[in-house]
Amino acid sequence: MHFSPQNNQFWQSDFLIDWSSIESKWHKIWQDEKYFDADPSEKKKFFVTVAYPYPNSPQHIGHGRTYTLADVHARFMRMCGYNVLFPMGFHYTGTPILGMARRVQENDKELIEAFRTIYKVPEQNIQEFSEPVKIAQYFHQEIKSGMIEMGYSIDWRREFTTVDPVYNKFIEWQFRKLKSKNLVIQGSHPVGWCPKDHNPVSQHDTLGDVEPAFTEYVLIKFRYDKYIIPTATLRPETIFGVTNLWVNPDVTYKIIDVDGENWIVSAECARKLEFMDKKVILISEIKGSALVGKKIKIPVRNEHVVILPASFVKSENGTGLVMSVPAHAPFDYQALEDIKKNTRNFEEDVLNSVRAINPISIIQTEGYGEIPAKEIIEKFKIEDQNSPRLEEATKELYGKEFYEGILKNNTNQFAGKKIADVKEEVKKWLLKRKDADTIFELNDGPIRCRCGTECVVKILNDQWFLDYSNKNWKKDAHSCINEMKILPEDIRNEFNHVVDWLRERACARQHGLGTKLPWDKNWIIESLSDSVIYMAYYILAKYVNKKQITAENLEDEFFDYIFLEEGNVKKVSANCKITENLLESIKNEFSYFYPVNSRHSGRDLVPNHLTFFVFNHIAIFPKKYWPEEIVVNGSVLMDGKKMSKSMGNIIPLRDAIRMYGADPIRLAILISAELLQDADFNLEAVKGIKNKLENMLEDCSKYKLNIGSNLQQEDKWLLSRLQQLVFETTSAMEKMRLREALHYILYEFDSDIQWYLKRANAKNRTDVSSTLYNALSIRVTMLSPFAPHIAEEMWEKLGNEGLVSKSLWPLVHNEDIDSLSLQSENLLKSTMDDIRNILKVTKITPKKIIIYTSDSWKNKAYQKILSNVIKGEMNIGVLIKSLISDKETELVKKDPDFVKKTVNDILSEPIESRQAKAETNIIDEKKILLELDSLVQKDFGVNVQVFSESDPEKYDPKNKARTARPFKPAILIE
RNA sequence: GCCGUGGUAGCCCAAUUGGUAGAGGCGGCAGACUUAAAAUCUGCAAAGUGUGGGUCCGACUCCCACUCACGGCACCA
């Protein structure tokens, strides 16, 4: 579906209230109040941050989720009395924007059209987009406007971008700090590479978005005369089983000088080697057929074997020559068989060599005998070396041998070891003896760059890495993660797991926006490395924006002083030309707000950003500044499907706000799933929520506070429920179970009010305004973090003073919880349900309804059974025995079935309500059920009579009364 | 392949330390209000928890095996 306001059918018809003017009204008031600006104060602080956006496109509904969660968190904590800092920055660092700018320069029609029609970028802006920063700046403003329109309670005085000069200084400081701790190291590193662009390629740089994955192969160096014939293999341990080499007789090979050695390889391989950090000089050429029959020397074993022809050898794979291990490699075994079968095509001496070859078995694997390759070929019924099933057979055998195979005695020092354990060891050993080398090869080649050039694997030299493999660093990261609060708890394991598998990570690239590596200006610090401790920068940003700090004169000692309390204030002041006073107040502000109390982010950032965030804080800051909490949320689906440009189901956030209003969108995103689940966003849900809010707003102008009205049973009940709901909502909020909290506020609340109104109407009451006013005020207070605009409007309609977002989150008043009225109303509700059910089943029109409450011994028995069930004793026999042994309850022997039914009654209730019943006195059911009369009158139009089971005067023609149980009165309908 | 997460009414999603699977939303059906529709309200129907085993008085929940779906596997924000 293409989404646009024109074809949207929902928004035009029922425009009861003007959301957009309500929103801007409150935006202005919030802004004038400067309510979201946070500075150090006497109050306790709460610092909540969320991953800043990368401004290469406008935000859509999906982005809205993380920010909305964080905003609700910020607003909630503010209402709980904290001085909350919730700031926002913009992450310009990275290469995608660069790529976009290049495509604009090249006049890429598709991209420019997307800017015009999907993103609705004005024409004059698109003109400027050939300059990367202009793209970032445009979408920066676009995103910021969206955030304001969503009502995010951000302290905008602290806004910054990652290309600001002071930010650059800050990142330089970070990197020098890391380097001084030996956490930045240098090394070489293979990458997918476009030889034309001279640039690494990742998935979105390739045609067809193919991930340029590659594998490391070991090159075994066989010697022939003065030449070296390398063969590529994933199984270096099979060198002990080599019986011959394979060459493709139709291929012309190159003789090249590789770092002083003469290698014979295919032309394709020669090219690959050039990118492997090797010096390659072409010497001459040789036909493959000329190599057939030549004897070569096997490294380690000091034996000579022959080179044989084979058509399965491809010049583009590996070196274009293959070592042959017929005992364990199905291809090799089959190729030998093929020669034996087609004797006509081969010279006599080749045939003689082949006949002389005996497969050398070197791996013992359960389920296989001497020559596993032979067995599996027979199993797969393979006829010749061109069979497509050979690939499959190889895979199966290789897998089996890798995990279960054990090297035999003919493998020297490796004998008796498992392949899986020894593979790496053999490789290192061969490399050390200079009998091997390594080469990287693309897995699913050929892969082409967007420019059309075929990609290769290149070893990048002098690459800079953050050494996430450092053991001590990992240890600290684990302990930080284990000590911090992680929401939801389920994801803690994943963090620990990431810490375990993380290894060196390249932290600089040669292109892109960002900060230059301070000691090697050819490199730009990569985007996932310059975004890990920037939360500290929010403290500086305020002063930078006030022009009290400039990049000039800013030395490392400034950051050391502010963030680490190192150095001498006078010296820092003199060197950095910042007054001592200012230095002190910045430092105090930092120590006031740090550490980060809560970091919000999507779950896609768990394996990278969020974990790096932990690592880098550990490395740079003292323990007191380590982050305290991480909150992770899932992504957003659109009508159950992933959002994507190609499906056309991306709704830009600002469009959605215009159509539905900010609050309905905030609620729709939050209510559709718990934290970690993917949230399914759909327009139907938004519509429903919008209606709900509009009705609530209408209710708010109906009820007013009147002092002195008499509280009746149902008032006490509603106010008790209110307290319970406040309690439930608050504890859900504390666990960031926002969906659950919203559920209480929006729906649970509603059904309680419905019941209250039903009761009040049945009694023809007119004095309900005050109770409802109280309930609504609290409801609106709790709604306020979620739907801030409409909540303010409701607050005003209710006639309350000030801003609801500035009011305090309601406290639970346990003294207002009247357990008796809770139980009473439950009894009324369940009895009404029972009556309704009986009528449904019997299909009679009632003339008379009679209720019987249970005898007093049953109440006593009930209490006893209840306390036993709570203790965990629910064996019916045991319960009956103990009841009979007591005089008060011995009557149970006349009605043993009562016990079983009562246990079931109790078990069907939630644990809290069992507890509540155990703690309060037995309610007077007869008195309560008299209230039933008005309800029944209203619903069924007849009167109710209530008797006690023991009442001798009772009307009981069908002898029903004896089936009455506590909380389960007997009912007779005539 | 490896690691992780998850299979519950037509759909989305709940179910606290095992205690009769439902709180809710969307949709459906019936009724009320309405000239009508929308909205709202009242009531109703609908799954036995991916499959197969096991532990337990009792399993969506714990254990084992299988299966399907989704996400991650790095220099990409």
Side-chain angles (χ1 to χ4, degrees), chain A residues 10 13-14 16 51-57 91 93-97 99 189-192 200-205 211 213 395 399 402-403 460 463-466 468 490-491 493-495 497-498 500-509 512 526-529 531 603-609 611-612 634-635 637 639-640 642 667-668 671-674 676-692 694-695 698 728 731 737 739-740 742-744 746-748 750-751 754 757-758 833 836 840 869 872 874-876 903-912 914 939:
Chain A
F10 302 119
S13 53
D14 52 325
L16 292 181
Y52 48 21
Y54 183 66
N56 70 336
S57 60
H91 197 196
T93 312
T95 50
I97 287 178
H189 181 64
V191 292
V201 285
S202 59
Q203 189 168 352
H204 59 249
D205 301 316
E211 173 71 29
K395 213 171 154 189
F402 180 79
Y403 292 108
L460 277 185
Q463 172 74 279
W464 292 97
F465 296 90
L466 283 171
Y468 290 127
D490 324 17
I491 202 136
N493 263 345
E494 210 166 310
F495 274 105
H497 184 244
V498 172
D500 286 333
W501 64 252
L502 221 49
R503 24 173 235 259
E504 300 84 0
R505 184 191 168 83
C507 61
R509 323 193 79 205
E526 167 275 341
S527 61
L528 280 165
S529 304
S531 59
R603 74 173 309 172
D604 51 328
L605 300 189
V606 170
N608 43 68
H609 166 76
T611 307
F612 301 160
S635 59
L637 304 176
D639 290 322
K642 239 175 136 171
L667 297 195
I671 207 164
S672 83
E674 275 309 344
L676 209 52
Q677 297 293 328
D678 286 348
D680 187 31
F681 184 87
N682 61 75
L683 302 178
E684 285 296 324
V686 185
K687 196 178 98 178
I689 284 162
K690 195 169 139 199
N691 286 328
K692 185 131 216 134
E694 288 176 357
N695 288 328
E698 215 181 305
E728 303 284 7
S731 49
R737 291 176 64 101
R739 175 196 140 87
E740 192 181 317
L742 263 179
H743 175 251
Y744 292 126
L746 247 35
Y747 301 112
E748 201 98 329
D750 234 21
S751 56
Q754 293 309 335
L757 285 173
K758 185 177 179 143
D833 284 345
R836 215 187 310 278
K840 199 175 94 191
V869 170
M874 44 203 105
N875 183 307
I876 307 296
V903 168
N904 281 339
D905 287 346
I906 292 168
L907 284 178
S908 70
E909 284 188 90
I911 289 175
E912 305 88 68
R914 296 178 202 170
D939 278 14

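Order of the sequence lines sets the chain letters (A, B, ...), proteins ahead of strands, with each chain counted from 1.
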Between the protein and nucleotides 6-13 of chain B, list the N/O to N/O atom pairs that are separated by less than 3.5 angstrom.
| from | atom 1 | to | atom 2 | distance (Å) |
| --- | --- | --- | --- | --- |
| B:C13 | O2' | A:R739 | NE | 3.3 |
| B:C13 | O2' | A:R739 | NH1 | 2.9 |
| B:C13 | O2' | A:R739 | NH2 | 2.0 |

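- Rounding to whole angstrom units, CG of residue A:L757 and P of B:A32 are separated by 22 Å.
- Comparing the same atom, C1', in B:C12 and in B:G28 gives a spacing of 15 Å after rounding to whole Å.
- Within the 4.0 angstrom heavy-atom criterion, no nucleotide atom of any strand lies near A:H609.
- Between B:C63 and B:U5, the distance separating the two P atoms is 12 Å to the nearest Å.
- Whole-Å rounding puts the A:I97 CD1 to B:A77 P distance at 10 Å.
- When heavy atoms are screened at a 4.0 angstrom cut-off, A:N56 is found touching no nucleic acid atom at all.
- Using N1 to N3 plus N6-O4 or O6-N4 for Watson-Crick, or N1-O2 and O6-N3 for G-U wobble, each under 3.5 Å, B:G52 pairs with B:C64.
- Comparing B:G27 with B:G18, their P atoms sit 37 Å apart, to the nearest whole Å.
- Using a 4.0 Å heavy-atom criterion, one finds that A:H743 contacts the bases of the nucleic acid, with or without backbone contacts as well.
- In this structure, the separation between CG on A:L746 and CD1 on A:I689 is 6.5 Å, given to the nearest 0.5 Å.
- Here B:C3 presents its P atom at 13 Å from CG of A:D500, a figure rounded to the nearest Å.
- Under the Watson-Crick or G-U wobble criterion, with both distances below 3.5 Å, B:C73 is paired with B:G1.
- Side-chain nitrogen and oxygen atoms of A:R603 include none within less than 4.0 Å of the OP1 or OP2 phosphate oxygen of B:C70.
- One finds the OH atom of A:Y52 at 6.0 Å from the OG1 atom of A:T93 (value rounded to the nearest 0.5 Å).
- Base orientation of B:G48: syn, since the glycosidic angle falls within 90° of 0.
- Going from the C1' atom of B:A9 to that of B:A65 covers 29 Å, rounded to whole Å.
- Comparing B:C75, B:A77, B:U40 against the side chain of A:A506 picks out B:C75 as the nearest.
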What verdict does the side-chain contact (heavy atoms from CB on, under 4.5 Å) test give for A:E728 and A:E748, after you've listed the backbone C-alpha separation in whole Å, the side-chain angles of each residue and the deciding distance to 0.1 Å?
CA-CA 11 Å; A:E728 303 284 7; A:E748 201 98 329; over 6 Å; no
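- Taking the C1' atoms as reference points, B:G50 lies 10 Å from B:A69, given to the whole Å.
- The nucleotide whose nearest atom lies closest to any side-chain atom of A:H91 is, among B:A77, B:A74, B:A15, B:A77.
- Between A:E740 atom CD and B:G24 atom P the separation is 14 Å, expressed in whole Å.
- With P as the reference atom, B:G19 and B:G10 are 24 Å apart, rounded to whole Å.
- For the P atoms, the distance from B:C11 to B:G48 is 12 Å, rounded to whole Å.
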So A:F465 and A:H189, side-chain contact (heavy atoms from CB on, under 4.5 Å) or not? Walk me through it.
CA-CA 9 Å; A:F465 296 90; A:H189 181 64; 3.3 Å; yes
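- B:C26 and B:G43: their P atoms are spaced 16 Å apart (whole Å).
- Ring-plane geometry between A:H91 and A:Y54 is classed as perpendicular, the angle between the planes exceeding 60 degrees on a 0 to 90 degree scale with a lower cut at 30.
- As judged by a 4.0 angstrom heavy-atom cut-off over every strand, A:E748 is placed among residues touching the sugar-phosphate backbone only.
- A:Q463 comes within 4.0 angstrom of nothing in the nucleic acid, heavy atoms only.
- For the pair A:R505 CZ and B:G72 P, the computed distance is 15 Å after rounding to whole Å.
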Could you walk me through whether A:H609 and A:L528 pass side-chain contact (heavy atoms from CB on, under 4.5 Å), step by step?
CA-CA 6 Å; A:H609 166 76; A:L528 280 165; 4.1 Å; yes
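- As a whole-Å value, the separation of A:R737 CZ from B:A14 P is 8 Å.
- Following rounding to the nearest Å, A:L502 (CG) and B:C73 (P) show an atom-to-atom distance of 12 Å.
- Nucleic acid contact class of A:L528 (heavy atoms, under 4.0 Å, all strands): base.
- Taking only side-chain nitrogens and oxygens, A:T95 comes nearer than 4.0 Å to OP1 or OP2 of B:A77.
- Searching all strands for a Watson-Crick or G-U wobble partner of B:C44 with both distances below 3.5 Å returns B:G28.
- Residue order along RNA chain B, read from the 5' end via each residue's closest nucleotide, puts A:Y747 first among A:Y747 and A:P607.
- A donor and an acceptor atom, one from each side chain of A:S751 and A:Q754, are nowhere located under 3.5 Å apart.
- A:W501 and A:H497 have perpendicular rings, their planes meeting at more than 60° on a 0 to 90° scale where under 30° would count as parallel.
- Mapping A:Y54 and A:Q754 onto RNA chain B by nearest heavy atom places A:Q754 at the nucleotide closer to the 5' end.
- Summarising the geometry, the separation between CG on A:N691 and C1' on B:C41 is reported as 14 Å, rounded to the nearest angstrom.
- Screening A:L502, A:V498, A:L466 for a side-chain contact (heavy atoms from CB on, under 4.5 Å) with A:F612, the sole residue that qualifies is A:L502.
- Of the candidate nucleotides B:C3, B:U40, B:C75, B:C3 has the atom lying nearest to any side-chain atom of A:H497.
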Checking side-chain contact (heavy atoms from CB on, under 4.5 Å) for the pair A:K692/A:D750: CA distance, chi angles, key distance, verdict?
CA-CA 10 Å; A:K692 185 131 216 134; A:D750 234 21; 2.7 Å; yes
